[in-house]
There are 2 protein chains.
Amino acid sequence: MSTKRREGNNRRQELIEAALDCIENEGLQGATVRKVADYAGVTNGLIRFYFSSKDELIRAAYAALLEKIYASARVNIEDSQLPAKERLRRFIEATLSFPIVSPRTVLLWANFLPLTYIDEQMAAIRSDGYVETTNILQPLIKATLEDHEQLITDQESARSAVKINAVIDGLWLEGSMAGYKFENGELAQMGLETASAILAIEL
Amino acid sequence: MSTKRREGNNRRQELIEAALDCIENEGLQGATVRKVADYAGVTNGLIRFYFSSKDELIRAAYAALLEKIYASARVNIEDSQLPAKERLRRFIEATLSFPIVSPRTVLLWANFLPLTYIDEQMAAIRSDGYVETTNILQPLIKATLEDHEQLITDQESARSAVKINAVIDGLWLEGSMAGYKFENGELAQMGLETASAILAIEL
DNA sequence: ATCATTATTATGCAAGTGTATAAATTTATG
DNA sequence: CATAAATTTATACACTTGCATAATAATGAT
């Protein structure tokens, strides 16, 4: 009946972080219960104290990864009263910068992705996040176009959103896997240039 | 000293195909030697007769996947004397159509990708193919620009290549994972539109 | 037909897997 | 301090894993 939770008891988060580190370095195959425990500096039994199964740990790690990505993407976007164009700019810049652009993020993403086709609960975690991003980008693009009095149909603006989303994803992949090719900010610059070309608006 | 190879002895290819099927359906974790053998309709011991280890089978399967992808991408491109613009168009259309655009391809790609960061030989297989594609797209773009007397620096055309490559990758991901959203040819159409916007040339 | 080679199965093994359970330790609270 | 609860470890177990090895079946050459 007591609130005995020791302050600074972040073991659960530590285990999730250890799982992500382990998956990043060893792959999902290599991420056994014992190795994850090693990464966290504990013994394997402890994982079952915080998670009902290894699968649940994996799911928690996936959810934590997506949350971190989306949090980074939303930086400087959400509560500001800035014009749509400026928020769109910032969104593109954020998604094409560290930490979203990094080998770690893309590696973790790739490791988890196949699980979302096998495990229903993993699929649910992914689709939750997917809805979240498209719900950011699409209205931003529509508002930007309206501000510039680009009169196009909803269908057209939806197509533009798909295109810009694709550019972001593709540059994210390339920048994450061959980051040495790009100087600081170059990737975001290319993203903005391409989005400008798609929308026929200087961002 | 005899060429005793029985005609129609495609067991090795069958095993590779079975491995890909198994990875697609069960994930890399689920692709055990025994399950792959099940997919091929043989017993597990046979795999070691054709491959020195499970890892070698995985590598062969990865190489086979990439070869198939690149072969599909090169369709109607290589030996033709068509103008650069037309070949660029066809390249974009091919990479944004079945079978490259499919859940199977993207799933297999995602499953293998992390291994290329862990296993050196897998990394070599990937970089071989990577060089191959960039060596197709980049000259095609440069030639197209020159045909249209777009006078830009090599650096500029290289940047355009990165952008178009990103659009292709992003649309490929989206189309493969949410294919129900797009009608036949719509994805390729969007790819061409975006590439046109990037190059300021009607493709 | 016979025999050597190739292809395939059957079986076993040591190591590693996730998980369960009990013991030990730490922490909070009276 | 004493004691109960929370946390962590230690250990064991059933099962799966990749791989080895011997036995069997199919095939080709003579």
Side-chain angles (χ1 to χ4, degrees), chain A residues 1-23 25-62 111-112 114-115 118-122, chain B residues 1-23 25-62 111-112 114-115 118-122:
Chain A
M1 192 70 57
S2 52
T3 60
K4 201 172 278 196
R5 189 183 300 158
R6 170 185 78 200
E7 61 181 335
N9 177 11
N10 46 358
R11 259 294 137 74
R12 204 186 139 91
Q13 285 305 315
E14 285 174 20
L15 289 174
I16 288 174
E17 213 40 56
L20 292 173
D21 290 344
C22 188
I23 293 170
N25 292 325
E26 326 265 355
L28 206 52
Q29 347 289 316
T32 68
V33 172
R34 286 165 179 80
K35 272 200 200 146
V36 171
D38 274 354
Y39 271 75
V42 299
T43 50
N44 60 64
L46 194 58
I47 286 178
R48 283 297 308 280
F49 183 74
Y50 288 95
F51 300 92
S52 68
S53 70
K54 182 198 173 184
D55 282 357
E56 211 213 316
L57 168 61
I58 298 296
R59 290 189 201 106
Y62 183 44
N111 269 290
F112 285 121
L115 296 184
I118 296 171
D119 183 314
E120 276 190 24
Q121 303 185 55
M122 291 290 282
Chain B
M1 191 69 56
S2 53
T3 60
K4 201 172 279 197
R5 189 184 300 158
R6 170 183 80 198
E7 61 181 334
N9 177 12
N10 46 358
R11 260 292 137 75
R12 203 185 140 92
Q13 285 306 316
E14 285 174 21
L15 289 175
I16 289 174
E17 217 33 62
L20 292 173
D21 290 345
C22 187
I23 292 170
N25 292 325
E26 326 265 355
L28 205 52
Q29 347 290 316
T32 67
V33 172
R34 284 166 179 80
K35 273 199 200 145
V36 171
D38 275 354
Y39 271 75
V42 298
T43 50
N44 61 65
L46 195 57
I47 286 178
R48 281 298 308 283
F49 183 74
Y50 288 95
F51 300 92
S52 67
S53 70
K54 182 198 174 184
D55 282 357
E56 211 212 318
L57 167 61
I58 298 296
R59 289 188 202 108
Y62 184 43
N111 269 290
F112 285 121
L115 296 183
I118 296 171
D119 183 315
E120 276 190 25
Q121 304 185 54
M122 291 290 282

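Taking atom CG on A:L15 and atom C1' on D:dT8, their separation rounds to 11 Å, with Å as the unit. Whole-Å rounding puts the B:F49 CZ to D:dT27 P distance at 14 Å. The nearest whole Å value for the distance from the CZ atom in A:R12 to the P atom in D:dT7 is 13 Å. The CD1 atom of B:I47 sits 12 Å away from the P atom of C:dT8 (whole-angstrom rounding). In this structure, the CD1 atom of A:I58 is 10 Å from the P atom of C:dT19, given to the nearest Å. The OH atom of A:Y50 sits 18 Å away from the P atom of C:dT19 (whole-angstrom rounding). Atom P of nucleotide C:dG18 and atom CG of A:L46 are separated by 15 Å, given to the nearest angstrom.
With sequence neighbours excluded, no residue forms a salt bridge (Lys or Arg N to Asp or Glu O under 4.0 Å) with B:E56.
For A:R11 and D:dT7, the shortest distance from a side-chain N or O to OP1 or OP2 is not below 4.0 Å.
Taking 4.5 Å as the limit, every side-chain heavy atom of A:Y50 sits out of range of all side-chain heavy atoms of A:I16. Under the 4.5 Å side-chain criterion, counting only non-hydrogen atoms from C-beta, B:D119 is not in contact with B:I58.
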Inset, instruction - In sequence, state the C-alpha distance, the side-chain angles, and the governing distance for B:Y62 and B:L115, and then conclude on side-chain contact (heavy atoms from CB on, under 4.5 Å). - result: CA-CA 10 Å; B:Y62 184 43; B:L115 296 183; over 6 Å; no
All N/O donor-acceptor pairs, side-chain side in residues 29-44 of chain B, below 3.5 Å, sequence neighbours left out:
{"residue": "B:T32", "atom": "OG1", "partner": "B:K35", "partner atom": "N", "Å": "3.1"}
{"residue": "B:Y39", "atom": "OH", "partner": "B:N25", "partner atom": "ND2", "Å": "3.4"}
{"residue": "B:Y39", "atom": "OH", "partner": "B:E26", "partner atom": "OE2", "Å": "2.7"}

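The main-chain N or O of B:Q13 is never found under 3.5 Å from a side-chain atom of B:N10 such that the two would form a donor-acceptor pair.
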Which pairs, protein N/O on one side and nucleotides 16-20 of chain D N/O on the other, fall under 3.5 Å?
{"residue": "D:dG18", "atom": "OP1", "partner": "B:K54", "partner atom": "NZ", "Å": "2.7"}
{"residue": "D:dG18", "atom": "OP2", "partner": "B:V33", "partner atom": "N", "Å": "2.9"}
{"residue": "D:dG18", "atom": "N7", "partner": "B:R34", "partner atom": "NH1", "Å": "2.8"}
{"residue": "D:dG18", "atom": "O6", "partner": "B:R34", "partner atom": "NH2", "Å": "2.8"}
{"residue": "D:dC19", "atom": "OP2", "partner": "B:K54", "partner atom": "N", "Å": "2.9"}
{"residue": "D:dA20", "atom": "OP2", "partner": "B:R48", "partner atom": "NH1", "Å": "2.3"}
{"residue": "D:dA20", "atom": "OP2", "partner": "B:R48", "partner atom": "NH2", "Å": "2.4"}

